[in-house]
Visitor: 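Before I ask anything, here is the structure I am working with.
Remember, it's 1-based here, ligands and their atoms both numbered in the order they're listed. Predicted, not measured: the structure shown is a model, and the values here were computed from it. In what follows, every heavy atom counts, from backbone to side chain, and hydrogens, waters and symmetry copies are set aside.
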Amino acid sequence: MIRVSNLSKAFGAKTVLRDVSFECLAGTVTCLLGPSGSGKSTVLRCINGLERMDGGDIHVGEIRVAPESLPSVRRRVAMVFQRFNLFPHRSVLENVLEGPVQVLERPEQDAREEAMAILERVGMADFAHMRPTRLSGGQQQRVGIARALAMRPEAILFDEPTSALDPERVGEVLAVMRELAEEGMSMVVVTHEIDFAREVGDQVIFMDEGVVVEQGPAQAVLTDPQAPRTRLFLDRVL
Ligand code: ADP
Ligand code: MG
């Protein structure tokens, strides 16, 4: 579904990604772990073209990520952000409708019905006509996920979707993500939630200082990490 090959990226003189390679198979969950500043967000941003890569290749299905392919890449790959990025002055439903109506140019009535069904799925249908600013962080993030789903993506990139939430709100968002995974959505998830990575992740990629230090099946990497840096990181977060 997503293939990252020898990705490299610098900001000015600073190299932030070096030869990053991994594959996310269709219907699987890849968890990207690593300390702050290791380049995880930059990897996600390169996949959907929010950052230009300096070297290497990224493919989404058969499409090579490049300036001219960005519209089709972004139709296939949706992104969920740490800070939700909802429009504060529009209702929950309008936030979810924006993509399908404006970008996919779907008929308003169809899009509205589908948006309501998606809000139902993330447990937010009762809040459809409220402003996001009146919701808790966990509720806003569930709307963020609904907005991503409304684009009918083939894969979703999550960048620390629970890091901005109060601890008691983390579980409701992880539960929605777990359901999506069980339904077969392809997902790349940057997270510090090690239990989620172990239970829901198929594959774990551990990054440090812009390189992939270790990657493999989630269970194996998280229960018996081979690289000293992975061990050190897991000892700290667990
Ligand atoms: P992570 O998500 O793992 O915390 P990031 O991908 O956000 O790491 O950042 C990796 C490195 O790139 C950090 O050193 C960060 O300061 C730097 N960086 C990220 N975005 C920019 C930018 N737009 N301009 C300059 N440096 C950046
Ligand atoms: Mg980040």
Visitor: Using a 6.0 Å distance limit plus a 45 degree cone around the ring axis, check whether R83 lies over the aromatic ring of F81.
Guide: no
Visitor: Distance-only, no hydrogens or angles: does the Q141 side chain make a donor-acceptor pair with backbone N or O of G138 under 3.5 Å?
Guide: no
Visitor: Look at R121 together with E179 and state whether they make a salt bridge at an N to O cut-off of under 4.0 Å.
Guide: no
Visitor: Would you find a donor on one side and an acceptor on the other, under 3.5 Å apart, between the side chain of R76 and the backbone of R152?
Guide: no
Visitor: Just by modelled atom types, is the F87 backbone N or O under 3.5 Å from a matching donor or acceptor in the N95 side chain?
Guide: yes
Visitor: Under a 4.0 Å heavy-atom cut-off, which residues neighbour ligand 1?
Guide: F11, K14, V16, P35, S36, G37, S38, G39, K40, S41, T42
Visitor: Near the Mg ion (ligand 2), which protein N/O/S atoms fall under 2.8 Å?
Guide: S41 OG
Visitor: For E182, is there an ion pair with R178 - N to carboxylate O distance below 4.0 angstrom?
Guide: no
Visitor: With distance as the sole test, does Q226 use its side chain to make a donor-acceptor pair with the main-chain N or O of D224 at under 3.5 Å?
Guide: yes
Visitor: Decide, yes or no, whether a salt bridge links D195 with R198 under the criterion of side-chain N to carboxylate O below 4.0 Å.
Guide: yes
Visitor: Is the count of non-hydrogen atoms from other residues, nucleotides or ligands lying under 6.0 Å from R134 atom CZ greater than 12?
Guide: no
